Amino acid sequence: MEGEKGTVCVTGGTGFVASWLIMRLLEHGYSVHTTIRPDPDHKRDVSFLTSLPGASEKLRIFEADLSDPESFGVAVNGCIGVFHVATPVDFENREPEEVVTKRAIDGMLGILKACLKAKTVKRVVYTSSASAVIFNDKDADVMDETYWTDVEYVRANKIFGATFGASYFISKTMTEKTALEFAEEHKLDLVTIIPSFVMGPFICPKFPGSVHTSLALLFGEKEQYGSLLNLSMVHVDDVARAHIFLFEHSEAKGRYNCSSHTITIQELAKFLSTKYPEFPIPPAESLKDIKGDKMAGLSSEKLLKSGFRYKYGLDEMFNEAIQCCKEKGYL
C-alpha cells in the first residue's frame, strides 16, 4: 500500500471495470468514494468491495443513480479526481434508444456539474467504449481517436440488430461527445479512455458481458460468434492501470484508445483449442463463413506514446478469465 494520495470518486462501483479500478486505487494509496445504485431493500451484497485490502479505512460507498443527476454531489464532494465509469447498459434493446441516451447524458452532466461545484476536482477520467469509435462507414482496418461512431449510420444499419444493443453504441458516443464539449466550455480538465472488449478475471459477482462474449467459443454460444470476427481486447488490469495513468499523467488531453490485442475468430479458435483441449472448441475452418460485422481494431499509439505500457497478453487474459469462471461456477 502506497502513501496517502487524496480522495477520488469512482461511479458504478459494483461493475466489472469500476470494482477492479477501486481495488487498484486503494493499492495506490488513494481514498475512494464509490457510488452504487440505490438499494431500498438492502439486499445487494457489496462485501466484494468492503473486503478489499484497505477498504475498511479508505473506501466509502454512496448511493447515487444516473436517473437522479443531483445524487452524485455528496460522493464527489472533497475529491481531487473523478472516474466516471457507470453507464446504462441495455444490450437487449429493452428501452428506447432516446431514453438510454438521455439517462447517460443527464447523469454524466450531473456528475460534471458536481465536480465544478466541489472546486477540489483536478481531473475527470470518463470511461467511454470502442463502440464510440468503430461504427461508421470509414474503410479502415485500424482506427485511432480521430474516428467517431456515426450515430445515423448505426441507426440506418441496425448494427448487430437486437443481439447487442444499438442504444448502447449511440449512448456511449453521444455521452462522450457531450462530456468533451461540456468540459471544454467550462474549463474542466477531462480525458476519456476508450477500452475495447475488457477481458480477464473479475471480482464483481455478476458475469461481465465482455468476458462472456469473448468466451463464446468455449460456451458454444453460436449467436455470439458474429461479434468475434475481429476481436479487439484488453486485460481488465491494464484498463484499470490506464485509468490511473491518465489521471496522474499531467500532459494527458482528449481521447485515449485502450486496446492491446486484436484477433480474428479463426485465430481465436486455434489459440483456444491448443491451450484448452478439454473444451469442445469448433474447428477454425468451420468458422470461415460466420456472418457479422467485422469491426476495425483500435490503435493505442497515443496512449503508448504518452508512456503507458501494457502488462498482459492473450495467455493471461484467457487463463485468468477461465480460472475465474471456474471458481465462480460459470464453467
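Just the heavy atoms: all of them, side chains too, but no hydrogens, waters or symmetry mates, feed the values below. All figures in this text were calculated on a predicted structure; none of them were measured in a lab.
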Check whether more than 12 heavy atoms from other residues, nucleotides or ligands sit under 6.0 Å from atom [atom1] of [X], and answer yes or no.
X	atom1	answer
Glu301	CD	no
Arg37	CZ	no
Glu70	CD	no

Check your understanding: Is Ile170 close to Val100 at the side-chain level, that is, under 4.5 Å between some pair of heavy atoms?
Key -> no
Point to revise | Validation row: Asn319, Tyr276 side chains within 4.5 angstrom (heavy atoms) | key: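 Sidechains of Tyr276 and Asn319: in contact.
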Exercise for review: Evaluate the criterion side-chain contact (heavy atoms from CB on, under 4.5 Å) for residue pair Val10 and His243; output intermediate values, then yes/no.
Suggested key: CA-CA 11 Å; Val10 178; His243 275 77; over 6 Å; no
**Study point:** Donor-acceptor under 3.5 Å (Glu63 side chain, Asp39 main chain)
**Key:** yes
Review point. Is Ser129 reaching over with its side chain to a backbone N or O of Ser131, donor-acceptor style, under 3.5 angstrom?
Key: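 Side chain of Ser129 to backbone of Ser131, a donor-acceptor pair under 3.5 Å: yes, one is there.
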Review point. Hey, mind stepping through Phe271 and Phe318 against ring pair (Phe, Tyr, Trp, His ring centres under 6.0 Å) and telling me if it holds?
Key: CA-CA 10 Å; Phe271 170 81; Phe318 281 91; 5.6 Å; yes
Practice item. Determine, step by step, whether Phe202 and Cys325 satisfy the side-chain contact (heavy atoms from CB on, under 4.5 Å) criterion, reporting the C-alpha distance in whole Å, the side-chain angles of both residues, the deciding distance to 0.1 Å, and the verdict. Key: CA-CA 9 Å; Phe202 46 100; Cys325 286; 4.1 Å; yes
Geometric class of the [Y]/[X] ring pair [parallel <30°, tilted 30-60°, perpendicular >60°]:
X	Y	value
Tyr310	Phe308	perpendicular
Phe207	His212	parallel
His28	Tyr30	parallel

Check your understanding: Is the closest basic N to carboxylate O distance between Lys302 and Asp144 below 4.0 Å?
Key -> no
Point to revise | SB check Asp150 Lys138 (cutoff 4.0 Å) | key: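 Here Asp150 does not pair with Lys138 in a salt bridge, since their nearest N and O are not under 4.0 Å apart.
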